[in-house]
Amino acid sequence: MSELTLDTITALAKRRGFVYQTSEIYGGLASSYDYGPLGTELLRNIKDKWWQELIRKKADMVGLDTQILLHPQTWVASGHVASFTDPLVEDKVTHKRYRADHLIEQWLAKQSTPPQLVVEEMDVAQMGAFIAEHKILSPDGNPVTAPKAFNILFETAVGAIEGEKSKVYLRGETAQGIFTNFRQVLDSSRVKLPFGIGQIGKSFRNEITTGQFVFRTLEFEQAEIEYFFDPEQTDWQALFQEWQNRMWDFVANTLGIRAENLCWRRHSDKERSHYSRETYDLDYRFPFGFKELWGVAYRTDYDLQQHIEHSGAKLTYTDPFSGKTFVPHVIEPAVGINRLFLMILCDAYWEDVANNRTVLRFKPELAPYKTAVFPLLRNKPELVHKAQAVYELIAPHHTTTWDDRGNIGKRYYYQDEIGTPFCITVDFDTLENNTVTVRHRDTTAQDRVNIDQLLSYLHDQLKI
Ligand code: GAP
């Protein structure tokens, strides 16, 4: 198969209703995307899997759902107001803005013998010197300004009266809602260390980069866990490894992603966020190279200590056995749902040259529709009625769709391209012997199944 490009995935996603450009009728909004009918189902399936596997199934995990707007001091305490920045340069002619590190990466990729350097380890001044030395230009071929640290927190205001409005931020990570509720969770539930709090929710970053589809957007959904522990009782390195194993298992086994497309990358001292003592990224091989999918960081007691200092709240834990009072440490696995989404689309994409078709080979549990029901002909009421009965039989059990347009070959082609694992056809034999044809997406094999056994057959095949 030829190398998959981001354009191919973007075009399929739009054509089949997975992802649309936001506000397309007004010319779009940079780095912003809406999810169509199929994308919405896929997103929901990913979130359900994450919640089920990492929160509901674990006795040591609880969930939370906190606000997008938090008290602005939260972001002062967390360090985001001071250090949540990207290196920004501006094209001196068009005034378009770019990330300096990305311009350098793009320049390096074009060199036959590139200098050996790790862009993630460069600070703003080093990037500026490098851009000047190598006369790196913007994608439009113009000189750029010296890089500046640009804070990517989104600001907005609370209050109706001009002058009395107060500045707040759209959250840049969901994690802070967890830290600021630490005391409430302790006091209102039966948790004891070690335990984790997880949540899924929207985060916002004033990203400079454009053109990476849903990989990097202004608004995105995060699924984050803060796993609290006593560093004197729990070896943080062993716990860190345990979380790495869980992350890998979720991606490779629960989501069914090919292991050869995954790898770990350790952050260097320079690259690590201000709050972290150790960070690893689980990278996926996207069409534009191996890039961060899911990060895990040892945030120590940094955040709780910062909130204690700024709020005066008692964000400590008292061990019920020893009576020792201390500030717990935390390990944080943090993933973007939209990156999981893009990874799943890319990994599922398959051009079946032998059969002249494009297939999204989703794991059946993730497929937007598990089955599609067809009456062989739409102008034969007896076939349509029987097919409707089959649809109604299936619909309460899993997501199914109805299709009566065009010939059966075209319907298969369409369902393959949206990743529907099974197509069920009601034909004239069905009226005689109560059996339907079940066609398998990946092999195109067909089985004849009695409608009385259809639900248990699908249950076994779908493994749901
Ligand atoms: N609380 C830690 C934190 O937010 P991060 O590495 O900045 O760490 C965690 O973000 C995850 O969120 C990333 O691994 C990525 O999957 C996702 N993410 C971050 N910025 C994103 C963006 N602009 N668009 C889409 N996903 C993003």
Side-chain angles (χ1 to χ4, degrees), residues 51 54-56 58-84 153 158 166-203 222-240 242-243 272-279 295-334:
W51 196 262
L54 297 172
I55 308 291
R56 287 209 169 133
K58 308 282 178 199
D60 56 350
M61 298 293 303
V62 292
L64 213 56
D65 194 340
T66 73
Q67 295 288 285
I68 285 167
L69 301 177
L70 306 178
H71 192 288
Q73 272 304 109
T74 308
W75 304 104
V76 177
S78 68
H80 284 76
V81 169
S83 2
F84 199 40
L153 271 184
V158 174
S166 58
K167 182 160 82 180
V168 289
Y169 303 95
L170 303 186
R171 67 180 172 201
E173 60 172 9
T174 57
Q176 294 307 322
I178 298 181
F179 292 122
T180 51
N181 277 293
F182 177 72
R183 181 85 258 150
Q184 320 254 52
V185 174
L186 274 190
D187 290 348
S188 60
S189 66
R190 313 276 296 163
V191 289
K192 52 182 195 327
L193 288 185
F195 72 92
I197 306 179
Q199 79 166 322
I200 297 180
K202 288 282 176 99
S203 289
Q222 287 187 309
E224 299 201 284
I225 288 168
E226 304 305 327
Y227 196 83
F228 298 96
F229 63 97
D230 176 353
E232 287 180 5
Q233 297 290 327
T234 305
D235 170 14
W236 76 262
Q237 276 152 321
L239 188 60
F240 196 92
E242 207 177 293
W243 272 108
R272 256 196 333 267
S273 300
H274 59 278
Y275 50 69
S276 176
R277 187 180 296 175
E278 177 77 292
T279 301
V296 54
Y298 175 26
R299 285 179 90 128
T300 65
D301 59 353
Y302 172 84
D303 298 88
L304 289 180
Q305 291 286 12
Q306 287 293 110
H307 290 302
I308 291 170
E309 196 180 302
H310 284 77
S311 69
K314 195 168 158 279
L315 304 180
T316 50
Y317 178 85
T318 302
D319 189 290
F321 302 109
S322 67
K324 179 181 83 167
T325 294
F326 60 99
V327 179
H329 282 217
V330 88
I331 281 178
E332 177 198 63

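These numbers come from a predicted model, not from an experiment.
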Taking atom [atom1] of [X] and atom [atom2] of [Y], what is their separation to the nearest 0.5 Å?
X	Y	atom1	atom2	value
Lys58	Tyr227	NZ	OH	9.5 Å
Thr180	Gln73	OG1	CD	12.5 Å
Tyr302	Ser273	OH	OG	10.0 Å
Gln233	Leu193	CD	CG	9.5 Å
His307	His71	NE2	NE2	12.0 Å
Lys202	Thr174	NZ	OG1	13.0 Å

query: Residues in salt bridge (charged side-chain N to carboxylate O under 4.0 Å, His left out) with Arg56, at least two apart?
result: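 Per chain and number, Arg56 pairs via salt bridge (charged side-chain N to carboxylate O under 4.0 Å, His left out) with no residue.
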
Heavy-atom check, side chain of [X] versus side chain of [Y], under 4.5 Å:
X	Y	answer
Trp236	Glu278	yes
Thr66	Ile178	no
Trp243	Glu332	no
Pro194	Leu239	no
Phe229	Tyr317	no
Lys324	Asp230	yes
Lys167	Val158	no
Val330	Phe179	yes

- request: Take Thr316 and Arg183, measure what side chain to side chain contact (heavy atoms under 4.5 Å, CB included) needs, and give me the verdict at the end.
  value: CA-CA 8 Å; Thr316 50; Arg183 181 85 258 150; 4.1 Å; yes

- prompt: Where do Phe240 and Ala297 come nearest, in terms of heavy atoms and distance?
  reply: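 Looking at all heavy atoms of both residues, the closest pair is CE1-C, 3.9 Å.
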
Can I get a per-line list of side-chain donor-acceptor pairs under 3.5 Å for residues 76-84, giving both atom names and the distance, sequence neighbours left out?
unit_1: Ser78; atom_1: OG; unit_2: Thr74; atom_2: O; d: 3.3
unit_1: Ser78; atom_1: OG; unit_2: Trp75; atom_2: O; d: 3.2
unit_1: Ser78; atom_1: OG; unit_2: His80; atom_2: N; d: 3.3
unit_1: Ser78; atom_1: OG; unit_2: His80; atom_2: ND1; d: 2.6
unit_1: Ser83; atom_1: OG; unit_2: Gly79; atom_2: O; d: 3.0

message: Tell me whether the rings of His329 and Tyr298 are parallel (<30°), tilted (30 to 60°) or perpendicular (>60°).
response: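 It falls in the tilted class, 30° to 60°.
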
query: Going by an N to O cut-off under 4.0 Å, is there a salt bridge joining Arg299 and Glu173?
result: yes

